[in-house]
Every structure is written in C-alpha cells, then in structure tokens.
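Step one of this worksheet: look at the structure below.
Chain naming here is simple, since letters A, B, ... match the order of the sequence lines and numbering starts at 1 in each.
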Amino acid sequence: MIQLLANWILSFDMLSGMGASVAWGLSLFIVAALIFVFVAVNAIVLVYIERKVSAFMQVRLGPMRVGKYGTLQTVADALKLLQKEDIIPKMADKVLFVVGPWVILVASVVTFAAIPFSDTLLAANMNIGLFYVVSISSIVVLGIVMAGWASNNKWSLYGAMRSAAQIISYEIPVGITLIAVVAVVGSLNLQTIIEAQGGTGNLFHWIPIPLPNWFIFHSPFLFMAAFVYLIGATAEINRVPFDIPESESELVAGFMTEFSGLRWALFFLSEYANATLVAFLVSIVFLGGWQSPFSSYQGTQIGFSIITIFALFWTIFVQGKTKRLSVYPLGLSLVITIAAWLFPGFAIWMASPGIFWMLMKVAGIIFLLMWFRWTFPRLRVDQLMYLSWKVILPLSLINLMGVAIWMWLTGEIQF
Amino acid sequence: MSYFSNITNAITTLVDGMKVTMGYFVRAREHVTLQYPDEVWPIPTRNIGVGELDSYNTIRSKLVVDFEDCIGCKACERACPVDCIHIETFKAGPEEDIGTTKNGTKIKLRVTSFTIDMSECMFCDLCTPPCPEDCIRMTPDYQFVSNDNVKLDVTPEERWRDRGHLIYQFSKVSPEERAQRGAEAEKEAAAKAAALEAKRIAAEKAAAAKAAEEAAQKEVTEETQEVNPSQNMVEAAAAPEVTPPQAPPGPPTQAKPPVEAGMERVDLPMETSAVPENPVDKPVEKPAFTETPAEPETSTDTNDASKGETENG
Ligand code: SF4
Ligand code: SF4
C-alpha cells in the first residue's frame, strides 16, 4: 500500500519531481498518520460504545447529555484530558515515567501496520505478519512495567507485576493456539491466512451444513481454539475478567494510578487499540477476515432469508413474552433480505470480500469483549494462574495435536 | 474428576450470566429508571382532607404568594406553627395609592419583605385558610432545586442558617424602597418618641409638683417616688391590673413586634391617645386580625368572593 501511495503521489505532474525515495518516505509518513488517526478515533468511538453497552447491560442509559444521546461525550472527555495538568510525582523516575506510556502506545499502534483491512488495504504485507503482531504486542508489558516501576507507588508496582506475570503466562497458550492455525495454512502471512478461508464448505468437513470455509468451522479443535485464543487474548490485554493489573477495588488503578491528563489518555488509547487488535486477529485467523460469509449472490439471498426466518421466530417466541417488542432485528434483516432479492448488485456486493465484512466481524468481537467485561466477575490471581497453566495451556496443546490429526484424517495433508 | 466438572460448571455459569446481561441489554429501555429532570411522574390528585374536595384537592407543596393581592395582615404569619413566615410592613403614606386586591380591598400597608423559609415549612397548609385575600396558597410544585444560590434579603436572624436559596422572598418591593421606608418609619418613630419623652417629662414634672404638694399637705412617705412616676400616674388613672407600659424604651425602630404593641395598647387607653407608637397596627386591627381564626363565616365569605372572581377572571 505504501508503494501504491508513492506511485500515486508520483503520478501527479506537480509532485513528480520529488524523486522516488522522497515519495516513498512521504507515503510512509501518511500511512503512519492514518493508522494513528484510526487508533485515536477508534478509541473515542469505542469508549462511547462501551459506556452505552455497559449502561444497557446495567439497565441505565449511559451518557445522554453531551450531544444527541451523548454522542459527543467522549470527545468532551478527550478535550478535558488534554487540558488537564500534567503531574509527575516528585519521587518518580522521571525518564521512565515519561517514556512508559509512549512505549505502550507505540507498541499497540505499530502492530496495526501488519493488519489487513481488506485485500488491498494494508500497510505492510509481511510474510511473518502473525509472528510480528504477536511479538510486537508483547512489548506492551515492557511499558506497563516501566510505568508501574517509575510511579514509585506500591499500587502501581503491584499492578505492573501482576500484569507482567499475567501477560507472560497467557502468551504461551495464545502462541500455541495460533500455531495450530499456522499448521493448517502453512504460512505466517496474514493475507495468505485470510485467502485460505475463502469459499464455502461443510461444517467440520463432514457435517453437511453449508458454511463458509472459516477456520472456526474447520474442525472441532480449531472451533475450541478460537475460544481459547479469545480467552487468552482477553487476559493479555488486561480486560475484565482478567483485569487484576488495574483492579479498581484492590489497586486503585494499578499501573495507571499516578498518571493524569495526556499520559493517562495514552493508556486508554492503547487499551482500546489492543482490544481492537485482538478483535482483528480473531476475525483474521478464525473468522475469515475480509472474506464475505456468502460465496455468491444466491448465497447472500438464501442466507439472509434464513436469518430473517430466525429473526421472525425469535421475535414471536422469545420477544413475544416480554412487554415491549423490539422489532429492529426482524425489520433490519427483512429489509436486507428484500434488498438482496430485488437488487442483485447489492447481493453481489454483499457476497464480495471487502473492508465492510472485516469491520463487521471486528465490531462483533469487540461487542463480545464488552459483553464479557460487563458480565463476568474478576478472577483472583491464583485462579488466573490456574486457568492459564492448568486449563488453557493443556487445551491449546490438545488443539495443536488434534488439528494435526484432523488434517491427516480429512486428507488435507498426506505423508 | 472435579477438574472437568469445574470447567463445565464455569462454562455453564458464565453462559448463564451472559444470558442475563444480554436480556437486559436488549430490553434496557423497558427497565430503565425515570430520567428525572426530563421526565417526572404525574402529580397525584387526591383529597388532602381539608375543605371541599375540589377546593383543596392538591398535594401540599411549595407555597406561593400573589404579592399584588397581599394586604400585609400577617394572618398567615400568626397561623404558621413553625414560624417560618416573616412579614415586614410599613404603613403607606396618607395620599399614597398602593393598589387594591382582586377582592377590591384597598391595600394600606406596604409589604417590604415577605419571606417563607421553605426549609422549615412542613407543608401543613395551615397558613392558607386564614388569608382574607386568598393570596397565599399551595402549589403542586415540589421541586425546590434551583440553579442560583442567591442569598435573598433576609433578616439577620435568618441569615445564620445559610439556606438562602430555600428562603423565598415574595415581596416585589425593591431593597432601596425597603431601606427608605425603614428609615422614614424610624425617623417618624423617633420623632414620636421624642414627643412622648417630652410629654412624659412634663407629666413627671407635674406629678412631682403634685406629689410635692401632696407631701406638703399630707406628709406621706416618699417611697413611691423611686418607682416610675408615669406608672404611678397610669395606675391611678386606669385599670388596677394593667401591665406596666414600659415607657418608651427608645425608638421602636421597625414594625417588628406589632402584635404585642397592639395588645398592650388596647389595655392602655390613656397612652393610646398620646402614643400611637407603631404606625403599623392601626389599619390592621380592622378586618382580619381579630376575627379570621375565630369566625369562619367571614373568612369563607371572602374565600367565596375571591373564588368567584378568579373563576370569572
Ligand atoms: S404550610 Fe404550615 S409550616 Fe408551611 S408556612 Fe404554612 S403554616 Fe407554616
Ligand atoms: S394572610 Fe394573606 S393577605 Fe395577610 S399577610 Fe398573609 S398572605 Fe398577605
């Protein structure tokens, strides 16, 4: 994409005199800025959505005052954070205190360089994409330990230590789970992994339910691996229920305790960037990335018809029992179905791969993460370690073995 | 095997929890609480047990005074069991026209301050029936929240409570006018006190002369001389059990204790002519003062009349 952008810049008569290397550098800068803007806007939108989702799950309305339905609330919050006094504690280690948040932010933003948004829209098409993402995102723990240590505060230090222990323990099952997928594809390139999930096939290869060829439907082991990865990744980004590094009731705010203003905003930014990254990885590795769930436009029509029938049943039999009917799901699916049947162009667009499907999947996973966050109670430290070493790690090993055997059984690989 | 049962247990309970939160997520609007400043419950209409069903059929809440109709009779102030109404009045000048109420009563007193301390009010509704002009009344407005915490012009003894925003000032008289009227009344009272003092001194002199004369005549002991001579005189002149009239204790500055003054004055016919020490109480004694609480006929009459007028208007 950088090369494309550089060529595009050079194609203008006015700019063509700058030379290829300058154009390349310029487009590099533009792409980096775009990624940063994406991360920042993403955080602002996600904070708003998270507050709304949590509010609805707790039977509240959430922000309602700033803008229509509180839509400008997070913008106002961000402005407030920027104006706030920048406090560095007297006894803090000044250098680490200043550098820590930036390390975390850079580590979480840089990973987006390898994330493909669509079949053409990605910053760097690396052949070690998956490895790059996993390894760079673990640098975050370095920044967390820096921030916690530099604060010179027991809560911060506890939080940082817990965070380090937690991230390192969950790194292993997460890595092994991803290796299971890599074993199926035979490549670490994220684009190759997505391309391997195109088309339609049977559920678990033999059960005759036509489903897209996503890896989550590839075998029972990869189906399990998807959840194992989701759990491990949730722990890695310190989200509830694995938020012991910043557990409010025990450690004030963990490693963020001493930070204020812009630095604290950086933590928040990286937290949501990490959540988005996990959602991207899950959808790339297990849900087919930018692949459409429908292989053809007839697939779109039939698929949405089935969804509409499900929505109808749900509306009648589940919603019908409650006082107030919510007809939005039914209405939405009905509209899409009718549109798909009436306009083949729309159906073809729905069936073609693109950024729309990628973002839909990411949104779904992020909603799932929020759903987890506002449902589950926090794990104790010992429970956390129990889960990591005694449940998740054996499961991921079983998955790796199982996938290999499955591949041999289905004849996808021969010896 | 508790290992596997633990895992299945964890999964099922987590799924249960997720079902609950999703249920609320989908139907949040159904269960969410009232968004108070934007929405309020409808105010219940019911009989509060006083008077006719239709006349008092409202919840008892914030008091309101239609200041244009208040004649400053202080019937409400005296009716209040917790003394949270404070009224300050000054007599209008001879040719001054303050206006008439909706009942046609001519207003003779300038109400310079009319405060109700809503933080003390217990919403008993006892102050509204005595009002001859029906101008103090209960409204269904129960929201005492305000954006401005302005300290109203309250009397010093109220100020210590620092609840300025709950002390409601209904008088529309400007502070300047209030100060001016206060100063005038003070001046007037001072002039009267001076006149009274002069009179008292004259009377004292006369009494002393008379006493000296009597002493010369009858040669009685002179111990009564130490007591207030005017009192002597009064006692000699009027009823035997009269309270001491506490000869002018200095200028009676404000119209604050009109009731006591009025009461005293009734007992003291001789002083009345000499000292109408409070300009306030003269018109007051006429309509509501003596009869409102005692005689229901008159009050209901005025009520009915006013009601008719409000209905017409
Ligand atoms: S309602 Fe009762 S307490 Fe309140 S001002 Fe009237 S008489 Fe006093
Ligand atoms: S009883 Fe009515 S007219 Fe008399 S002072 Fe009170 S509010 Fe005014």
Query raised in the report: For B:Met22 and A:Trp371, which heavy atoms make the closest approach, and how far apart are they?
Result: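 Shortest heavy-atom separation between B:Met22 and A:Trp371 comes out as CB-CZ2, 3.5 Å.
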With the side chain counted from C-beta on, respond yes when [X] and [Y] share a heavy-atom pair under 4.5 Å apart, and no when they do not.
| X | Y | result |
| --- | --- | --- |
| B:Thr21 | A:Trp374 | no |
| B:Leu14 | A:Phe372 | no |
| A:Gln58 | B:Tyr24 | no |

Please indicate whether [X] has more than 12 foreign heavy atoms, meaning atoms of other residues, nucleotides or ligands, lying under 6.0 Å from its [atom1].
| X | atom1 | answer |
| --- | --- | --- |
| A:Tyr69 | OH | no |
| A:Met360 | CE | no |
| A:Met385 | CE | yes |

Distance from [X] atom [atom1] to [Y] atom [atom2], nearest 0.5 Å?
| X | Y | atom1 | atom2 | result |
| --- | --- | --- | --- | --- |
| A:Arg60 | B:Gln35 | CZ | CD | 10.5 Å |
| B:Lys19 | A:Thr375 | NZ | OG1 | 13.0 Å |
| A:Leu387 | B:Ile7 | CG | CD1 | 8.5 Å |

Report task. Under the side-chain hydrogen bond (donor to acceptor under 3.5 Å, both in side chains) rule, collect the residues that match up with A:Thr308, sequence neighbours excluded. Result ->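 Listed in chain order: A:Thr337.
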Query raised in the report: Parallel, tilted or perpendicular for B:Tyr3 and A:Tyr386, by the 30°/60° rule?
Result: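 Tilted.
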**Report entry** Part of A:Phe367 within contact of chain B (heavy atom distance under 4.5 Å)
**Finding:**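 Just the side chain, heavy atoms under 4.5 Å.
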